[in-house]
Amino acid sequence: MTRLWNEPADFADEMIDGFVAANERYVRRVPGGVVRSTVSPAGQVAVVVGGGSGHYPAFGGLVGPGLAHGAAMGNLFASPSTQQVYSVAKAADNGGGVFFSYGNYAGDVLNFDAAQERLRAEGIACETVTVTDDIVSATPADKHNRRGIAGDLTVFRIAAAAAEAGADLAEVSRLARLANERTRSFGVAFTGCTLPGAVEPLFTVPEGRMAIGLGIHGEPGIDETDIPTADALAELLVERLLAEVPDGVEVAGARVVPILNGLGSLKYEEMFVVYRRIAQLLTDAGLELVDPHVGEYCTSFDMAGTSLTLFWLAGAGEESELAPLWDAPVDTPAYRRGSVAPQQRVLVTDATADLVAEIPDADEASRAAAQTVLAAVRTIVDTVDTHVDELGRIDAIAGDGDHGIGMQRGSHAALAAATAAVDAGAGARTTLARAADAWADKAGGTSGALWGVILNAVAAKLADEGRPDAAAVAAGVAAGSRGVTDYGKAEVGDKTLVDALVPFSTTLTGAVDSGAGLTDAWRAAADAATRAAARTAELLPRMGRARTHGQNSVGTPDPGAISLALIVTAIAETLAAETRATDDNEKESANA
Ligand SMILES: Nc1ncnc2c1ncn2[C@@H]1O[C@H](COP(=O)(O)OP(=O)(O)O)[C@@H](O)[C@H]1O
Ligand SMILES: O=C(COP(=O)(O)O)[C@@H](O)CO
C-alpha cells in the first residue's frame with residue numbers, strides 16, 4: 001500500500017527531486033531525469049537508461065561511475081516522453097556517442113527511438129539494446145518481443161563497464177547484446193501494487209495465491225497456484241530457467257550470476273530462505289555461482305513478488321568476455337560493487353531555467369479559433385475523467401491498466417498548456433501545438449507519444465491567422481493518422497487506436513470533400529470511429545503491451561481505440577456548440 005504523497009499527479013516529479021537532494025554526490029537533475037554529477041572522460045560512450053518511475057532502483061538509482069551516465073525517468077509506470085529522453089541524452093553526452101538501454105515496452109520503444117532519431121539527425125551517434133529477459137512474456141522463437149524486468153541490471157552493467165573501459169559505441173552495443181542474450185528471468189507475484197492516490201491496487205492476486213509470470217506492471221501471467229513453500233518456489237524458478245539455457249551454453253561447468261530480485265514488499269529474510277534452496281539446486285546442476293545477488297534491483301512499487309535472473313557469463317570451458325566486465329567496480333546511489341576512485345564533481349553553472357518560448361503573433365480570427373481549440377481540449381479532459389476507470393479496467397485485461405491514468409495525465413497537461421497559450425494571446429496553431437507537446441511530455445507511455453503525434457499533426461495544418469476551415473482540420477487529422485501508422489507501425493486490424501483513427505479520418509475527409517460542414521462531417525466520422533472501436537473486441541492484439549497475452553483481450557475492445565472514439569464523439573458536440581456561438585456572435589455583429 002502506498003501511503004505518502006502530496007498530490008498524486010506530482011508524485012513522480014517530487015520523488016525525483018527528493019532522490020536528487022539525497023544523492024547530489026552521484027546525480028544532478030536535468031529536464032526529463034538525472035545525469036551523473038561527476039565528470040566522465042571526454043569521448044566516453046554515454047550509457048543512458050530509463051523507463052517509468054515506480055521500479056526503484058531502476059532507473060535513477062543506477063546512475064554513477066561503473067553504471068549509467070543518465071536516466072530518463074518517466075511518470076509512474078509510463079515511459080519518459082521523447083523530449084525527456086532527448087534532453088537527458090544531450091546532458092549525458094561526452095562526445096563518444098550515446099548508448100540507450102531500457103526494458104522492452106511499447107511506450108519506451110516509441111519514445112527512445114524517436115529521441116534517438118533526433119540525436120542522429122544532429123550528428124550524435126546512437127545505438128540501442130532493449131532488455132528482453134522475461135521468459136514468460138514470449139516464446140523462445142519470439143524472444144526479441146519479450147518484456148524487460150530485472151535483467152536490466154546485467155545489460156546496463158556490461159554496457160557501462162565496456163564504456164568505462166574505453167570501448168567505442170559499436171563494441172559497447174555488441175557486448176550489451178551478448179549480455180542480453182545471456183540473461184533470462186522468471187518471476188512470480190503474491191499481491192498487486194497500489195499507485196499513490198489510488199484507492200484500489202492497479203492489479204490484484206487472490207489471497208493465498210501466487211501469480212506465475214505476472215509482469216512488473218501487472219500484465220497478466222501464465223498461471224496461478226496456491227502459495228508454495230520457499231523451497232518449492234525455488235525449485236519452480238530454477239526449473240523454468242534451466243529449461244531455457246541460452247544457445248551454445250553447456251550447463252555443467254557453466255559460470256552464472258544468480259540474481260534473486262524483490263519486487264517491493266517481499267522481505268529480504270524471505271528471499272534468503274528461497275535463495276538457500278536456489279543455490280543448492282544450481283550447484284547440484286553443476287553450475288559455478290559467481291557474485292550471487294539477493295535484493296531489490298527492479299521493483300514494482302509495493303508489489304509482493306520475486307524474480308530469479310540467471311546471467312550466463314560463460315558455458316563450460318568457454319572463455320568469458322563478460323566476466324571481467326561484471327567484475328568492474330560500480331558506485332551509484334542504489335548499487336555498489338568493488339571500489340571506485342574518488343570522482344570530480346561537475347561544476348554546474350548554467351541554471352536550466354525553463355525558457356518559456358515566445359508566443360507568435362495571431363490575428364483576432366485565429367485567437368477566436370484558439371478558444372474553440374481550448375474548448376475541445378477541455379472536452380477531452382472531461383471525457384477522460386468520466387471514463388478513466390473503465391479505460392483502466394479494459395487496459396488491465398491484457399495490458400498494464402494504466403491507459404486511463406496516462407490519458408488523464410496527458411489531457412490535463414494539454415489543458416494547462418492550451419489555457420496558458422490562449423491567455424497569452426496565441427492563435428489556433430500555437431495553442432494546439434503547445435497542448436500537443438505538453439500531452440506527450442507529461443503522459444509518457446504509448447498513447448502519450450501517439451496523441452502528441454496526432455495533435456501536433458492537426459496543429460501543423462492550422463494557422464495563427466484566420467479561422468481554419470473544415471478542409472484544414474480534415475487534412476490535419478489525415479496527417480495525424482499517417483503519423484501514427486508511420487511512427488507506431490500498426491495497421492488496421494492490429495487492435496490498436498489505429499482501428500478507430502483510420503475510419504475517423506477517412507470518413508471526415510470524405511464528408512468534407514462532399515461539401516459537409518465541419519460539425520456534420522465530424523459527427524459522421526465520430527460515428528464511424530465508435531463502430532470501429534467496438535469491433536476491436538473481436539480482434540487479437542498484434543502490437544503494444546497487450547500483445548503478450550493478447551488472447552485474454554478477445555471479447556474486450558482496445559482501450560486506445562475506445563478512448564479515441566469517446567473523445568471524438570464528445571468533441572462533435574463541442575464543435576456544434578462553438579459553431580452556434582460563432583454564428584450568434586456574427587448575427588449580433590451584423591445587427592449592431
Ligand atoms: N504501435 C501502436 N500503434 C498505435 N497504437 C498503439 C500501438 N501500441 C499500442 N497502441 C495503443 O496504445 C494503447 C495503450 O496505451 P498506453 O496505456 O499508454 O500503453 P502502455 O501503457 O503500454 O504504454 C493501446 O490500447 C493501443 O490502442
Ligand atoms: O511500463 C513502462 C513503460 O512502458 P509504457 O509502454 O510506456 O507503459 C515502465 O514502467 C518501464 O519502463
Side-chain angles (χ1 to χ4, degrees), residues 12 33 49-56 58-59 71-82 84-85 100-113 130-131 134 147-149 152 193 195 202 215-219 298-301 384 388 391-392 394-410 439-440 443-454 480-481 483-502 532-533 536 539 541-548 550 553 556-565:
V49 301
S53 298
H55 305 295
Y56 195 82
F59 293 90
M73 301 168 75
N75 220 311
L76 301 177
F77 285 9
S79 61
S81 68
T82 301
Q84 287 175 306
V85 176
F100 289 118
S101 191
Y102 49 87
N104 182 36
Y105 295 95
D108 290 309
V109 171
L110 282 174
N111 287 299
F112 275 84
D113 277 357
T130 56
V131 181
D134 181 0
R147 298 186 294 244
I149 51 179
D152 288 342
C193 73
L195 297 184
L202 195 59
I216 59 173
H217 310 92
E219 301 93 331
C298 181
T299 60
S300 179
F301 252 105
V384 171
V388 62
L391 293 171
I394 60 179
D395 186 36
I397 302 291
D400 60 357
D402 72 348
H403 182 60
I405 299 170
M407 290 293 283
Q408 252 188 339
R409 282 198 293 255
W439 188 312
T446 307
S447 55
L450 297 175
W451 272 91
V453 167
I454 296 168
S481 181
V484 167
T485 50
D486 292 348
Y487 183 47
K489 306 293 188 279
E491 299 171 358
V492 170
D494 286 345
K495 195 165 188 169
T496 73
L497 62 80
V498 166
D499 289 298
L501 179 57
V502 167
T536 62
L539 301 175
R542 295 198 291 250
M543 300 291 281
R545 189 192 297 273
R547 177 189 55 212
T548 303
S553 80
T556 302
D558 174 68
I562 291 293
S563 62
L564 187 141

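For clarity, every value in this text was computed on a predicted model and none was experimentally measured. For ligands, and for the atoms within them, numbers begin at 1 and follow the listed sequence.
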Using distance alone, decide if ligand 2 has a nitrogen or oxygen within less than 3.5 Å of any nitrogen or oxygen in [X].
X      : result
Gly52  : yes
Tyr105 : no
Gly51  : no
Ser53  : no

Check whether any N or O atom of [X], backbone or side chain, sits under 3.5 Å from an N or O atom of ligand 1, and answer yes or no.
X      : value
Val498 : no
Val484 : no
Asp558 : yes
Ala490 : no

Where on Thr485 is there a heavy atom closer than 4.0 Å to ligand 1, on the side chain, on the backbone, on both, or on neither?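 None of Thr485 does.
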Where does Ser447 meet ligand 1, judged by heavy-atom distances below 4.0 Å: at the side chain, the backbone, both, or neither?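 Near ligand 1, Ser447 shows its backbone as well as its side chain.
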Any donor-acceptor pair under 3.5 Å from Thr485 side chain to Glu491 backbone: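 Not at all, since once roles are kept as given, no pair shorter than 3.5 Å links the two residues.
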Donor-acceptor pair, distance only, cut-off 3.5 Å: does the side chain of Ser553 make one with the backbone of Ile397?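 No, the answer is negative, given that no donor and acceptor are paired below the 3.5 Å cut-off.
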Sequence-distant partners of Tyr102, ring pair (Phe, Tyr, Trp, His ring centres under 6.0 Å), two or more places apart: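 Here the qualifying residues are Phe112.
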Taking the non-hydrogen atoms of Pro559, is any one of them nearer than 4.0 angstrom to ligand 1?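 Judged by the 4.0 Å heavy-atom criterion, Pro559 does count as contacting ligand 1.
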Ligand 2 versus Ala78: contacting region, heavy-atom distance under 4.0 Å: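 It is the backbone that touches ligand 2; the side chain stays farther off.
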pair Leu202-Phe301: side-chain heavy atoms closer than 4.5 Å: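 Of all side-chain heavy-atom pairs linking Phe301 with Leu202, none is under 4.5 Å.
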Under a 4.0 angstrom heavy-atom cut-off, which atoms of ligand 1 come close to His403?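 Atoms satisfying the 4.0 Å criterion: 14 (C), 15 (O), 16 (P), 17 (O).
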Test item: side-chain donor near acceptor, His217 and Ser300, under 3.5 Å: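 Side-chain D/A pair, His217 to Ser300: absent.
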If you measure only the distance, is there a donor-acceptor pair under 3.5 Å linking the side chains of Asn111 and Thr82?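 Yes, side-chain donor-acceptor contact under 3.5 Å.
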Given the rule in the side-chain contact (heavy atoms from CB on, under 4.5 Å) test, do Asp395 and Asp402 qualify, once you have shown the distances and angles that lead to the verdict? CA-CA 7 Å; Asp395 186 36; Asp402 72 348; 3.4 Å; yes
